[in-house]
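All residue numbers in this chain count up from 1 along the given sequence.
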Amino acid sequence: MRRKKGKHTNHRFCAYQTEIMVEDGDEVAVDARSTEDWLLHAQELVPVVLDKAREAKGFAGRWKMIIAKLEQIPSRLSDLSSHPCFSKNALCKEQLQAVSKTLGEAIELAELCMKEKYEGKLRMQSDLDALTGKLDLNLRDCGLLIKTGVLGEATLPLAVSSSVAESDIAIHNNIRELLARLQIGHLEAKHQALDSVVEAMKEDEKNVLAALGRSNIAALVQLLTATSPRIREKTVTVICSLAESGSCENWLVSEGVLPPLIRLVESGSAVGKEKATISLQRLSMSAETARAIVGHGGVPPLVELCQIGDSVSQASAACTLKNISAVPEVRQTLSEEGIVRTMINLLNCGILLGSKEHAAECLQNLTASNENLRKSVISEGGVRSLLAYLDGPLPQESAVGALRNLVGSVPETSLVSLGLVPRLVHVLKSGSLGAQQAAVAAICRVCSSTDMKKMVGEAGCIPLLVKMLEAKSNSAREVAAQAIASLMVVSQNRKEVKKDDKSVPNLVQLLDPSPINTAKKYAVTCLGSLSSSKKCKKLMISYGAIGYLKKLTEMDIPGAKKLHERLERGKLKSFFSKK
C-alpha cells in the first residue's frame, strides 16, 4: 500500500485536503482533517454563502426562506462545538461535513442565479426546494445531536471495573454510536445504520439491548413509516426482537409503535406481517396495550390474518387476539369483527397446534361472562368443535374451560348427543390437573338432572373424582368433592363411592377446619351420605373424623353437628357392644 497527496474539490469554497490510499490499484479518499478543522471550514463558508444568496436573482420567496435557514447555522455550529463530546465522536465530524457540503451546494446555486445561467426555471425551483430540505435536515440533526443526548449516548463511558475488558467497552461504545446514527442524516444513511444494527443484533443482541435509549426507540418507530418496503421490513425485524426481549415494551408503545405495526399487518410483505404480528403478540400481553390495539383498528387485520396467513403469522395473530380477549370490555367489539367464527374455524383447521390452542383459549375468554357471546359460540357450532379438539391425546385446559362456560346454556339432550360425557372422562384420565379441574367444574354444572348424574356415574367418573381428592391444589380438591356430593344423590353413585377404599380416608382429610381448606362443607355432605353404612362410619371414626367435626360444629358448617352426633352414637354402641 502507498499513500499520495491529492485534492478532492466539490467547489472552490469547499475544497478540502485528503490523503489518497492506493490499494490494489484502487484509490480511496481518506479525510485527513480534524473535527475542529471542519468546524472552522463550515464557519468560513456561512458568510460567503449568505452574501451570494442575497445577490441571487429570481425566486425571491425561495431565497428568502433559504437565507432564514442559513442564518440559523452559526448558532447551531456554536452549540455543537461547545458540547463536551464535540471532538470525541465521529458523528460531529460527519455532521460538519454534511453542513459544509450543503453550504457548497448553496453557493453553486446562488452563483447560477446571479448569472441567470441555469438550464430551466422548473429545474432551478426543484434544486432550490431540495436545498431547503437539506438545510432543514442539517439544522434538525445538529439540534438532535445537542438536545437529545445522542452524543452522550454514543460516547458515554461504561463504569470500568477490573472484570470489564477494554474490548467490551469499545464494543459497547460502537453500538451506542451505531444506534445514534438511526436518528441523524438522510434516509439512506439511516438505512445503512439500520443494516448495521440488524447485524449487531444477530451477533450481540444482549449488548445492543443494554445500549438502547428511548431516543433510539423513537428513531426506529419513525423508520417503520419509511416509504421503502425494505427499510420497513428491516426495522420491524429489530422492533420484533426488542418486543420479544421484554425490556422496552413501554417505550415502544409510548413512542407510537402500534399504528405502524398494524399497518404492516394489513399491507406489509410476508416477513413484515410476521414480525409485526409477533411484536403485537408480545405487546398485547398488557391489558392497556390490548385496549389500544383495538382502538387503533388492529382487530380486523388480525382476524384476516387468522383466515389467510401463513402458519407462523396465523398462530401469532391468534395469540394476539387471545390476549386481547382477556380484556372484558373489548369482547363485544371482537365479536362484531367476526372473531367467534374465525376462532371456531381455527379450532377446526388451524395450521399449527399452537393456533388451535390460542383459539380455544380465546373462546374460553369470550364465554367467561357474556351470555350473548356464549349463545354466539353455540350457534356457530363451537361446542362440537371444542369436543372434537378434546379427542387428542393431551386435552387442553382452555378447551375444557370453554366447554365449562358453555354447558349451562346448552340443552342436556344436545350435550348427550354430542358426546360430552365420554370427553370429560377422557380429560379426567389424560388431561393436566387444570384441565381435569375444568372438566369436574363442567360436570358440576351439567349434572342438574338425575338422569345426567346417573350417566356420569355409569361413565366411570367416580373413581377418578375420588382420586382427585388427593390433589395438591385446594381448588381441585374442592371441585372434586363438590362433584361427588352432587352425584351421590343417586343411589347407584353412592354405592360406587362406598366401594372405593380411598373415598372415606380422602374425604375425612378434607374435614380439616383450616380456612385454606374450602372443600370441608362438601366433604361433610359426602360423609353424611355414607354414614348410614356401619363400615363407613367405623372408617370415619378410625381416621379421626370426630375430632374434625367437633371443630366444624363450632364453625357452624352445615351438616357437621348432625354427622358428629351420629358418629358419637356409633362410637358408644361400639364401646358397649365390646363390653
Margin query: Would you compute the distance between atom CZ of R566 and atom NZ of K537 and round it to the nearest 0.5 angstrom?
Written below: 6.5 Å

Note to self: Does any part of the side chain of K234, heavy atoms only, come nearer than 4.5 Å to the side chain of D195, both counted from C-beta?
What the structure shows: yes

Next item on the list: Give, for atom OG of S376 and atom CD1 of I344, the distance between the pair rounded to the nearest 0.5 Å.
Entry: 7.0 Å

Checklist line | L302 side, atom CG; L321 side, atom CG - distance, nearest 0.5 Å | finding: 5.0 Å

Margin query: Once salt bridge (Lys or Arg N to Asp or Glu O under 4.0 Å) is applied, what residue pairs with a partner in residues 467-490 remain, sequence neighbours excluded?
Written below: E470-K502

Next item on the list: Examine distances only and state if a side-chain atom of S316 and a backbone atom of S313 form a donor-acceptor pair shorter than 3.5 Å.
Entry: no

Margin query: Within the structure provided, determine whether L428 and I443 are in side-chain contact (heavy-atom separation under 4.5 Å).
Written below: yes

Next item on the list: Output yes when a side-chain donor or acceptor of T237 lies under 3.5 Å from a complementary backbone atom of E233, and no otherwise.
Entry: yes

Note to self: Applying side chain to side chain contact (heavy atoms under 4.5 Å, CB included) to L366 and S335, what does each step give before you reach the verdict?
What the structure shows: CA-CA 9 Å; L366 292 171; S335 175; 6.0 Å; no

Notebook entry, point to check: Is K356 close to N348 at the side-chain level, that is, under 4.5 Å between some pair of heavy atoms?
Noted result: no

Margin query: Determine whether a donor-acceptor pair (N or O, by modelled atom type, separation under 3.5 Å) exists between the side chain of N370 and the backbone of R331.
Written below: no

Item checked: More than 12 heavy atoms from other groups under 6.0 Å of CD on E288 -> no

Check: Does H296 reach the main-chain N or O of P260 with its side chain, forming a donor-acceptor pair under 3.5 Å?
Finding: no

Listed pairs under 3.5 Å, donor-acceptor, residues 450-460 side chains, sequence neighbours left out:
none

Notebook entry, point to check: Got a sec, which pairs hit salt bridge (Lys or Arg N to Asp or Glu O under 4.0 Å) with one end in residues 242-253, sequence neighbours left out?
Noted result: E249-R282

Next item on the list: List for me each residue that meets side chain to side chain contact (heavy atoms under 4.5 Å, CB included) alongside A545, sequence neighbours excluded, and say none if there are none.
Entry: V508, L511, M540, L549, L567

Check: How far apart are the closest heavy atoms of Y389 and A360, and which atoms are they?
Finding: CE2-CB, 4.0 Å

Note to self: Can you confirm whether S279 sits close enough to V257 that some side-chain heavy atom of one is under 4.5 Å from a side-chain heavy atom of the other?
What the structure shows: no

Notebook entry, point to check: Would you call S430 and P395 a side-chain contact if the rule is heavy atoms closer than 4.5 Å?
Noted result: yes

Margin query: Does this structure show an ion pair linking D512 with K520, if we count only N-O contacts that are shorter than 4.0 Å?
Written below: no

Note to self: Please determine whether side-chain hydrogen bond (donor to acceptor under 3.5 Å, both in side chains) holds for the pair S409 and R374, giving the CA-CA distance in whole Å, both sets of side-chain angles, and the decisive distance to 0.1 Å.
What the structure shows: CA-CA 7 Å; S409 304; R374 288 181 192 136; 4.9 Å; no

Item checked: For L352 against S311, the heavy-atom pair lying closest together -> CD1-O, 3.6 Å

Item checked: Non-hydrogen atoms of S473 and L433 that approach each other most closely -> CB-CD2, 3.9 Å

Check: Between S385 (side chain) and G382 (backbone), is there a donor-acceptor pair under 3.5 Å?
Finding: no

Item checked: Residues which pass salt bridge (charged side-chain N to carboxylate O under 4.0 Å, His left out) with E203, listed by chain and number, not counting sequence neighbours -> none

Note to self: If I take atom CG from residue N250 and atom CZ from residue R214, how far apart are they, to the nearest 0.5 angstrom?
What the structure shows: 9.0 Å

Notebook entry, point to check: Do side-chain atoms of S414 reach the backbone of V410 as a donor and acceptor pair under 3.5 angstrom?
Noted result: no

Next item on the list: Specify the closest pair of heavy atoms between A318 and L346, including all atoms of both residues, with the distance to one decimal.
Entry: CB-CD1, 3.7 Å

Notebook entry, point to check: Any donor and acceptor pair, going by atom type alone, linking the side chain of S503 with main-chain N or O of K498 inside 3.5 Å?
Noted result: no

Check: Of all residues at least two apart in sequence or in a different chain, which pass the salt bridge (charged side-chain N to carboxylate O under 4.0 Å, His left out) check with K499?
Finding: E496

Next item on the list: Measure the CG-CD distance between L353 and Q396 for me, rounded to the nearest 0.5 Å.
Entry: 6.5 Å

Notebook entry, point to check: So V440 and M468, side chain to side chain contact (heavy atoms under 4.5 Å, CB included) or not? Walk me through it.
Noted result: CA-CA 10 Å; V440 178; M468 197 169 170; 3.5 Å; yes

Next item on the list: Kindly indicate whether the side chain of L415, heavy atoms from C-beta on, has any atom under 4.5 Å from the side chain of V421.
Entry: no

Note to self: Any heavy-atom pair between the side chains of S475 and T518 that's under 4.5 Å?
What the structure shows: no

Margin query: Can you confirm whether more than 12 heavy atoms, excluding those of N474, are under 6.0 Å from its CG atom?
Written below: yes

Check: Between V400 and A435, what is the shortest heavy-atom contact and its length?
Finding: CG1-O, 3.7 Å

Check: Are the side chain of T320 and the backbone N or O of Q281 linked by a donor-acceptor pair below 3.5 Å?
Finding: yes

Note to self: Run the side chain to side chain contact (heavy atoms under 4.5 Å, CB included) test against K202 and tell me which residues pass, sequence neighbours left out.
What the structure shows: V198, E199

Next item on the list: Would you mind reporting whether N365 and V327 have side-chain heavy atoms less than 4.5 Å apart?
Entry: no

Item checked: For Q364, all residues meeting side chain to side chain contact (heavy atoms under 4.5 Å, CB included), sequence neighbours excluded -> E361, S398, A402, R404, N405

Checklist line | Any donor-acceptor N/O pair, S267 side chain to L264 backbone, under 3.5 Å | finding: no

Next item on the list: Could you tell me whether a side-chain N or O of Q314 sits under 3.5 Å from a main-chain N or O of C306, the two making a donor and an acceptor?
Entry: yes

Check: About how many Å separate CD1 of I217 and SG of C248, when rounded to the nearest 0.5 Å?
Finding: 4.0 Å

Next item on the list: Could I get the full list of side chain to side chain contact (heavy atoms under 4.5 Å, CB included) partners for A218, not counting sequence neighbours?
Entry: E255

Notebook entry, point to check: Which residues satisfy the salt bridge (charged side-chain N to carboxylate O under 4.0 Å, His left out) test with E380, sequence neighbours excluded?
Noted result: R341

Next item on the list: Determine, stepwise, if the pair N323 / I293 fulfils side chain to side chain contact (heavy atoms under 4.5 Å, CB included).
Entry: CA-CA 11 Å; N323 292 342; I293 291 170; over 6 Å; no

Next item on the list: Only counting residues at least two apart or in another chain, list the ones meeting salt bridge (charged side-chain N to carboxylate O under 4.0 Å, His left out) with R423.
Entry: D391

Next item on the list: Determine which pairs satisfy salt bridge (Lys or Arg N to Asp or Glu O under 4.0 Å) with at least one residue from residues 539-557, sequence neighbours left out, and list them in order.
Entry: none

Notebook entry, point to check: Where do L305 and A317 come nearest, in terms of heavy atoms and distance?
Noted result: CB-CB, 4.0 Å

Checklist line | Evaluation steps, side chain to side chain contact (heavy atoms under 4.5 Å, CB included), between L465 and L469 | finding: CA-CA 7 Å; L465 292 171; L469 295 174; over 6 Å; no

